[in-house]
Amino acid sequence: MLNIRNYINGHYCDPILGEWIENVNPATGEVYSLVARSAAPDVDLAVQAAADAFPAWSAMSAQNRSDILMAISRGIALHAEDLALAESADQGKPLSLAKKMDIPRAIDNMAFFATEILHTNTEAFQTSSQVMNYVVRKPLGVVGCISPWNLPLYLFTWKIAPALAAGNTVVAKPSELTPMTAFLFGQICADAGLPPGVLNIIQGLGAECGEAIVAHPQVTAISFTGGTTTGKHIASVAAPMLKKMSLELGGKNPTIVFDDVDVTQVAQHVARAAFTNQGEICLCGSRIFIQRNIYEKFREALIIETQRFVVGDPLLDETRLGALVNEAHMNKVLGYIDLAKEEGGKILIGGTRMHVEGRCAGGFFVAPTLIEGLDVLCRVNQEEIFGPVATLIPFDTDDEVIAMANSTAYGLAASVWTTNINRAHRTAHQLESGIVWVNTWLNRDLRTPFGGVKHSGVGREGGSEALRFFTEPKNICLQF
Ligand code: NAD
């Protein structure tokens with residue numbers, strides 16, 4: 001069986017304590033590899049390697065760092081097929097989605113920050129004819145990057161690329177549920193000429209090696225993507241140590257459909273927003289608000305679109321919904337469907353575990369599910385489910401839908417569907433959300449600020465925001 005080892009100081013190594021965790025393919029339910037169960041001593045080694053590598057890496061020219069990051073991007077492209085297969089086996093997502101979305105995005109993340117670093121500038125302030133200020137941006141040192149299981153290599157590289165581009169060295173941890181592509185990424189970095197110690201990849205459990213990264217006194221900043229509860233805990237460890245933090249957390253995103261839209265066309269997009277990647281994307285629209293005079297018509301169109309989300313073996317081309325990431329998560333999602341029934345909801349379609357024949361008989365599949373009849377303030381409409389489950393909620397007026405959309409503790413992303421330009425702008429401005437898409441969803445430009453408000457996070461990733469996070473400004477004031 002394959003052992004998924006740590007990548008420290010430019011080579012692979014076993015965890016010091018010699019412990020391993022079983023890694024399950026969620027589509028089959030079978031253990032197919034073992035993951036290093038790293039602990040504080042492994043993190044110490046990684047931090048030391050990163051600290052040793054920092055002076056040379058941070059002193060390198062932006063062009064030289066850019067060249068290496070571009071070579072890593074090309075390395076991902078070279079191994080795209082294997083990485084897509086690995087992502088699908090670890091996460092349960094359709095192979096076609098990993099090929100179309102996850103791996104291309106990892107390629108783009110590296111290439112984007114490789115070029116972004118060549119096009120940045122810093123500020124200068126002329127105070128008087130004899131006084132001038134200018135700002136230099138310095139890398140932070142050793143930084144920690146911790147990522148979740150839903151878009152494994154996509155989100156892992158989204159943090160690592162700006163951290164490295166800005167001249168930091170990194171100790172990174174992927175989720176213990178999806179360690180494989182980060183493991184393969186180490187070799188790609190080595191082949192691309194990334195100097196030893198610049199990136200160190202530690203595998204293991206969040207509460208053990210994740211927390212050891214957060215608590216390490218030499219780690220100056222933490223970039224974290226994951227659940228809100230974990231984010232709050234990380235903040236409680238890192239804040240008293242006065243570390244810089246970027247927290248990208250959960251969501252309970254509204255999709256708002258006004259009555260002036262083309263129902264059939266918009267239903268397609270709304271279903272995609274609800275069910276892509278089994279609904280396991282922090283940006284998925286899981287609360288669908290529909291203006292009352294098109295409610296019945298839209299509901300029927302949405303049910304038809306939902307039926308098109310074929311659940312099955314992630315390796316098959318026709319599959320649009322793969323397995324949920326593990327059994328515990330599947331049970332959590334099914335638990336929310338039971339709760340919806342208790343809370344008075346009516347299941348319109350789905351609502352059950354799905355059994356797939358053959359190779360995937362032991363897999364963790366849930367049918368795409370639509371529910372109506374729930375109060376907007378009930379738990380199912382307030383808590384993040386993170387699965388293929390969406391609720392339908394009718395509304396009458398613009399003010400009413402904005403109040404309902406804003407009624408959760410979260411504020412990550414929203415989508416608004418209308419052909420009325422005034423309504424589009426007004427609604428977008430009034431939503432408590434870090435990201436609003438109008439007549440589109442998951443339409444990403446890597447230069448834009450990415451992140452949420454309220455319990456969806458602190459700080460922004462993307463473009464210059466990410467480079468600002470991974471650097472510290474120093475103002476130098478000159479009297480001529
Ligand atoms: P999680 O919080 O359980 O784990 C995320 C990462 O944190 C994993 O690598 C885990 O091992 C690590 N971790 C856990 N406990 C830790 C601790 N005490 N100290 C340090 N590290 C620790 O989240 P998850 O279940 O992997 O991912 C799903 C969640 O991520 C959802 O809530 C989803 O909305 C969120 N998410 C947010 C975004 C975003 O950009 N806002 C993107 C993707 C996912």
Side-chain angles (χ1 to χ4, degrees), residues 21 26 35-40 43 90-91 93 101-102 105 109 144-159 171-179 181-182 201-216 219 222-238 241 243 245-253 276-286 324-326 328-330 332-333 383-387 408-413 433-435 442 444 448-462 465-466:
I21 316 159
V35 191
R37 182 173 176 174
S38 311
V43 171
D90 253 3
Q91 208 271 338
K93 68 180 70 211
M101 180 178 76
D102 294 75
R105 178 55 193 276
N109 287 341
C145 295
I146 300 176
S147 52
W149 50 256
N150 62 323
L151 302 170
L153 192 63
Y154 173 138
L155 291 175
F156 193 68
T157 50
W158 182 232
K159 297 182 175 308
V171 177
K173 192 195 101 58
S175 169
E176 57 274 28
L177 301 179
T178 52
T181 47
I201 302 166
I202 296 286
Q203 304 282 357
L205 300 174
E208 297 175 359
C209 70
E211 188 136 348
I213 295 171
V214 176
H216 200 291
V219 174
I222 298 294
S223 174
F224 168 79
T225 299
T228 295
T229 307
T230 316
K232 287 181 185 173
H233 177 73
I234 286 177
S236 77
V237 176
M241 300 176 83
K243 295 189 182 196
M245 268 181 289
S246 163
L247 304 173
E248 299 296 333
L249 310 177
K252 188 73 181 172
N253 309 308
T276 298
N277 205 46
Q278 304 74 242
E280 295 167 326
I281 301 183
C282 54
L283 308 165
C284 278
S286 55
L324 298 198
V325 74
N326 67 5
H329 187 58
M330 175 188 71
K332 177 186 151 189
V333 171
E383 297 174 15
E384 185 184 45
I385 300 174
F386 217 53
T408 74
Y410 296 103
L412 185 56
S433 183
I435 300 154
L442 198 50
R444 295 280 292 118
T448 59
F450 180 91
V453 300
K454 303 199 286 190
H455 285 202
S456 289
V458 179
R460 291 292 180 274
E461 297 186 310
E465 297 278 348

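In listed order, ligands and their atoms are each counted from 1.
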Heavy atom of the protein closest to [atom] (residue, atom name, distance):
atom	answer
atom 28 (C) of ligand 1	Phe386 CE2, 3.6 Å
atom 36 (N) of ligand 1	Cys282 CB, 3.6 Å
atom 18 (N) of ligand 1	Glu211 OE1, 3.0 Å
atom 13 (N) of ligand 1	Gly206 CA, 3.3 Å
atom 27 (O) of ligand 1	Pro148 CB, 3.3 Å
atom 35 (C) of ligand 1	Gly226 O, 3.2 Å
atom 7 (O) of ligand 1	Phe224 CE1, 3.2 Å
atom 34 (O) of ligand 1	Glu384 OE2, 2.5 Å

Residues Ser223 and Lys159: side-chain donor-acceptor under 3.5 angstrom:
yes
Under a heavy-atom criterion of less than 4.0 Å, does Pro174 contact ligand 1?
yes
Under 4.0 angstrom from atom 11 (O) of ligand 1, is there any protein heavy atom?
yes
Are any of the side-chain heavy atoms of [X] and [Y] separated by less than 4.5 Å?
X	Y	answer
Val325	Asn150	no
Met245	Val458	no
Asn253	Tyr410	no
Leu442	Met101	yes
Phe224	Thr230	yes
Pro26	Gln91	no
His455	Lys232	yes
Pro179	Asp90	yes

Option with minimal heavy-atom separation from [atom], where the choices are [options]:
atom	options	result
atom 15 (N) of ligand 1	Leu177, Thr230, Leu205	Thr230
atom 41 (N) of ligand 1	Ile281, Val325, Leu249	Leu249
atom 9 (O) of ligand 1	Ser147, Ala182, Gly210	Ser147

Measure from the side-chain N and O atoms of Lys252 to the backbone N and O of Glu383, and report whether any donor-acceptor pair falls under 3.5 Å.
yes
Check: Lys243 side chain, Val214 main-chain N or O, donor-acceptor pair, under 3.5 Å:
yes
Which part of [X] is near ligand 1, with near meaning a heavy atom under 4.0 Å away: side chain, backbone, both or neither?
X	result
Leu151	neither
Leu155	side chain
Glu461	neither
Ile146	side chain

Non-hydrogen atoms of His329 and Phe386 that approach each other most closely:
NE2-O, 2.8 Å
At their closest point, which heavy atom of Val35 faces which heavy atom of Glu176, and how far apart are they?
CG2-O, 4.2 Å
Flag [X] as yes when one of its N or O atoms lies below 3.5 Å from any N or O atom of ligand 1, and as no otherwise.
X	answer
Phe450	no
Glu176	yes
Thr228	no

Proximal atoms of ligand 1 relative to [X] (non-hydrogen, under 4.0 Å):
X	value
Gly227	1 (P), 2 (O), 23 (O), 29 (C), 30 (O), 32 (O)
Asn150	43 (C), 44 (C)
Thr225	5 (C), 36 (N), 37 (C), 38 (C), 39 (C), 40 (O), 42 (C), 43 (C), 44 (C)
Trp149	24 (P), 25 (O), 26 (O), 27 (O)

Candidates Thr178, Asn277, Thr276 - the one meeting side-chain contact (heavy atoms from CB on, under 4.5 Å) with Lys93
Asn277
